[in-house]
Amino acid sequence: MTTAHGSADGIVYRLARPGDAGAIEALDSSFTTDTVFEAVATDAGFALREVPVDPPVHKVFPPEEHDEQALGGGTDSAGDARTYVALDGGRLCGFAAVGYAPWNRRLTIEDIEVSPAHRGRGIGRALMECAAEFARERGAEHLWLEVSSVNAPAVHAYRRMGFAFCGLDTALYGGTPAAGEQALFMSRPCG
């Protein structure tokens, strides 16, 4: 996708530009949930179990050190990383930073965020489809991502987009403000 795509609700999707960097950094990616996921051992491996939490979890992510590509460079010099943005009335309301690895034909969703006011409108799905289009152009076999076990809203959204639980890391967040959470890995075919 080198030009902007519009949608029925007026959202425009395009590659990020350097001028988008501030809006990408400022996007609110917080969430609140009254359930979280736990990975449980089964005879066949691991499965996810959703459990209620009281009080609800409100998560605000600390500022990240995004690389230049994620902050609005659009593509990297090798052409294997891209950032797509969603704009509503010219204002950034979401983005997806992705990277393709030729050695395993995997497109990794490095980061995908939609502002709270724009969630539930299909913007994340449309950004994911931009990523899938890029994946198909590169010959990728699957899309892959990592999500925290406490981000139940995202896990539900990814499942609706065709992603399945494929692995976990119980120590990935150790030494960070997210210590104790589990990293869940999810994938889906590119097709």
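From a predicted model like this one, the values you see are computed outputs, not experimental measurements.
Checked by atom type, the side-chain pair R188/H142 shows no donor-acceptor distance below 3.5 Å. For the residue pair E181 and S149, no side-chain donor N or O sits within less than 3.5 Å of a side-chain acceptor on the partner.
The shortest side-chain heavy-atom distance between C93 and D88 falls under the 4.5 Å cut-off. When side chains are defined from C-beta on, E50 does not count as touching E38, because their heavy atoms never get closer than 4.5 Å. Contact annotation: the side chain of V36 approaches that of V57 to within less than 4.5 Å [non-hydrogen atoms, C-beta and beyond]. You'll find the side chain of I11 stays beyond 4.5 Å of the side chain of L87, heavy atoms only. Residues Y100 and R105 are in side-chain contact: their nearest non-hydrogen atoms beyond the backbone lie under 4.5 Å apart.
Closest approach of E113 to S29, counting heavy atoms only: OE1-CB, 3.3 Å. Here the closest heavy-atom approach between residue A154 and residue V147 is recorded as CB-CG2, 3.9 Å. In this structure, L92 and V85 approach most closely via the heavy-atom pair CD1-CG1, 3.5 Å. Scanning all heavy atoms of the two residues, the minimum distance from G124 to M161 falls at C-CE, 3.8 Å. Heavy atoms only, all atoms of each residue included: C190 and A140 are closest at SG-O, 3.4 Å. For the pair F95 and L127, the tightest heavy-atom approach, listed with the atom from each and the gap, is N-CD1, 3.6 Å.
The distance from atom OH of Y84 to atom CG of L15, rounded to the nearest 0.5 Å, is 5.5 Å. Interatomic distance, T83 OG1 to D111 CG, rounded to the nearest 0.5 Å: 9.0 Å. To the nearest 0.5 Å, atom CE of residue M186 and atom OH of residue Y158 are 8.5 Å apart.
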- Message: Let's go through R136 and L107 carefully: what are the C-alpha distance in whole Å and the side-chain angles of both, what is the deciding distance for side-chain contact (heavy atoms from CB on, under 4.5 Å) to 0.1 Å, and is it a yes or a no?
- Response: CA-CA 9 Å; R136 288 187 291 273; L107 187 92; over 6 Å; no
- For Q182 and T170, what are the C-alpha separation, side-chain angles and deciding distance, and is it a side-chain hydrogen bond (donor to acceptor under 3.5 Å, both in side chains)? CA-CA 5 Å; Q182 296 175 333; T170 60; 6.0 Å; no
- Can you list the steps and then say if D20 with R14 is a salt bridge (Lys or Arg N to Asp or Glu O under 4.0 Å)? CA-CA 11 Å; D20 297 325; R14 63 165 169 75; 2.8 Å; yes
- salt bridge (Lys or Arg N to Asp or Glu O under 4.0 Å) between E137 and R82: does it pass, once the steps are laid out? CA-CA 13 Å; E137 289 171 8; R82 293 192 178 173; 3.6 Å; yes
- Query: Do D54 and D34 pass the side-chain contact (heavy atoms from CB on, under 4.5 Å) test, and can you show the C-alpha distance, the side-chain angles, and the key distance before you say yes or no?
  - Reply: CA-CA 7 Å; D54 188 23; D34 58 0; over 6 Å; no
- Report the C-alpha separation of L27 and E25 in whole Å, then their side-chain angles, then the decisive distance to 0.1 Å, and conclude whether the side-chain contact (heavy atoms from CB on, under 4.5 Å) test is met. CA-CA 6 Å; L27 192 70; E25 283 184 330; over 6 Å; no
- Message: Checking L48 against L184 for the side-chain contact (heavy atoms from CB on, under 4.5 Å) test, could you report, in this order, the C-alpha distance in whole Å, the side-chain angles of both residues, the deciding distance, and whether it holds?
- Response: CA-CA 9 Å; L48 294 181; L184 307 178; 3.8 Å; yes
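Within the 3.5 Å criterion, the main-chain N or O of A178 finds a donor-acceptor partner in the side chain of T176. Judged by distance alone, with hydrogens and angles left aside, the side-chain atoms of R106 form no donor-acceptor pair with the main-chain N or O of E141 at under 3.5 Å. Side chain of R119 to backbone of P153: no donor-acceptor contact under 3.5 angstrom is found.
Every pair passing ring-ring contact (aromatic ring centres under 6.0 Å, His included) that includes a residue from residues 165-191 is listed here, sequence neighbours excluded: W144-F185.
With hydrophobic clusters built from ILVMFWY side chains whose heavy atoms lie under 4.5 angstrom apart, I112 does not share a cluster with V60. In the hydrophobic clustering of this structure, I109 does not group with L172; members are Ile, Leu, Val, Met, Phe, Trp, Tyr whose side-chain heavy atoms approach within less than 4.5 Å, directly or through other members.
Checked against the 6.0 Å centroid criterion, the rings of F37 and H156 qualify as a close aromatic pair.
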